[in-house]
Amino acid sequence: MNKRSIRDVDVDGKTVLVRVDFNVPMRDGAISDDSRIKAALPTLKLLKDGGAKTVICSHFGRPKGRVVEEMRLGPVLTRLSELLEVAVHNAEGPNGNGPNQAISQLESGEFAILENLRFEPGEEANDADFSKYLASLADIYVNDAFGAAHRAHASTAGIAQHLPAYAGLLMERELEMLSNSLDSSTGPAVAIVGGAKVADKIQVLRNLADKVDTILVGGGMVAAFFEAQGQSGGAAPVSEDDVAAARMLLDSGGANVVLPADVVTAPQFHEDSPSSIHDSSDIPAAELILDIGPRASKEYARIISLVSTIIWNGPMGVFEWPEFANGSATVANAVAVNKKATSVIGGGSTAEIVGALGLVEQISHVSTGGGASLEFLEGKVLPGVAALDDI
Ligand code: AMP
């Protein structure tokens with residue numbers, strides 16, 4: 001990584017503003033998954049042990065520049081205090097005089113948290129004044145919010161113009177693991193790409209086609225690939241653009257693109273719609289492709305067992321419905337049992353799959369950022385990373 005890391009900085013007695021991604025899922029007012037909070041703990045503990053006065057800030061939900069009571073960071077503050085085993089002070093704000101007062105009373109090794117950054121319209125607008133205001137609260141800026149790094153906001157980009165700006169430990173690990181997965185020098189590499197639509201993933205497919213040996217294709221996008229080959233893609237509406245994109249990839253001369261030999265289909269896009277299995281050369285025109293089939297799953301698992309690098313983004317089927325979840329589950333297990341491979345999973349729904357199957361510990365890295373890891377795999381520069389100080 002060519003960005004400076006907080007691990008190399010003396011923070012003793014300094015006030016450090018840390019941007020984290022505490023945009024945790026909530027159900028009935030309670031946090032239903034605290035893994036994003038846990039993922040920030042190494043950086044927060046490093047700062048505490050180094051004697052910093054740490055000011056934490058995050059967005060939560062989409063309040064669109066105004067105060068929304070249900071989107072206050074109170075539940076996050078409570079859970080964070082439990083995990084850190086120290087009180088975290090509520091600095092309020094995120095703008096105005098409140099935060100200054102709370103921060104001026106912090107001792108070394110203590111924590112305060114600002115209120116939801118997106119209560120302030122200047123945050124998403126990357127407003128120069130709000131960026132300066134945030135910078136005025138601290139001596140050093142740390143970005144550990146990989147999940148928000150694809151956004152150019154005041155707390156992820158603007159602020160870095162006014163303070164020394166370092167990567168946190170989570171940010172560092174995300175960038176290292178994602179970059180390593182695209183490094184072709186480490187032996188045979190496979191990318192597994194699925195999801196709903198080819199349009200969402202074409203840029204990822206294009207970028208990865210130059211970087212890996214094999215691409216295993218799954219999800220709704222297989223219909224576009226079948227049509228590009230002159231076969232039936234079933235009943236799903238596939239645009240000419242999708243077919244053209246799929247054809248371009250098949251003809252690109254890059255990675256070997258593997259399509260499923262069989263598929264699971266249903267007449268309706270519905271959980272209880274009766275499923276059937278068909279060879280890919282023989283997909284009925286009235287059926288929707290909702291998963292890769294058992295032969296394809298076995299073949300994908302075999303290919304996955306042979307490689308030393310695995311990148312996976314996007315489910316093989318409609319994994320939310322048990323009848324169409326087998327392809328994703330077989331692939332997830334194949335990734336988990338290949339112990340000699342470095343395996344990296346883009347966040348979002350793919351992370352959900354390995355989480356639900358209890359396989360997270362057996363994967364080298366499960367990204368905390370869905371959109372951010374997708375843009376990284378597309379080959380884009382993430383504004384929140386570009387803004388950090390170079391080595
Ligand atoms: P993404 O977040 O882009 O990786 O897409 C995830 C979504 O793709 C999930 O909600 C899946 O249900 C959906 N998906 C996967 N396979 C299919 C398919 N064959 N048809 C329609 N949607 C699919």
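Counting starts at 1 for both ligands and their atoms, following the listed order. Computed from a predicted structure; not experimentally measured.
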**Prompt:** Which of these passes side chain to side chain contact (heavy atoms under 4.5 Å, CB included) with Phe226: Pro260, Ser232, Ser281?
**Reply:** Pro260
Solution key, residues 244-258 side-chain donor-acceptor pairs under 3.5 Å, sequence neighbours excluded:
residue : atom : partner : partner atom : Å
Ser252  : OG   : Leu249  : O            : 2.9
Ser252  : OG   : Gly254  : N            : 3.2

**Request:** Write out the protein residues near ligand 1, meaning a non-hydrogen atom under 4.0 Å from one of its atoms, in order of chain and number.
**Result:** Gly195, Ala196, Lys201, Gly219, Gly220, Phe269, Ile289, Leu290, Gly314, Pro315, Gly317, Val318, Phe319, Glu320, Ser349
**Message:** Which label fits Phe130 and Tyr133: parallel for a plane angle under 30°, tilted from 30 to 60°, or perpendicular past 60°?
**Reply:** parallel
Under 3.5 Å, which donor-acceptor pairs do the side chains of residues 6-21 form with other protein atoms, sequence neighbours left out?
residue : atom : partner : partner atom : Å
Arg7    : NE   : Glu172  : OE1          : 3.3
Arg7    : NE   : Glu172  : OE2          : 3.3
Arg7    : NH2  : Glu172  : OE1          : 2.9
Asp10   : OD1  : Asp12   : N            : 3.1
Arg19   : NE   : Ser155  : OG           : 2.6
Arg19   : NH1  : His59   : ND1          : 3.3
Arg19   : NH2  : His59   : ND1          : 3.2
Asp21   : OD1  : Asn23   : N            : 3.1

**Item:** Arg173 with Glu176: basic N within carboxylate O range, under 4.0 Å
**Value:** no
**Asked** Which residue pairs pass the side-chain hydrogen bond (donor to acceptor under 3.5 Å, both in side chains) test with at least one member in residues 322-331, sequence neighbours excluded?
**Response** Ser275-Glu323
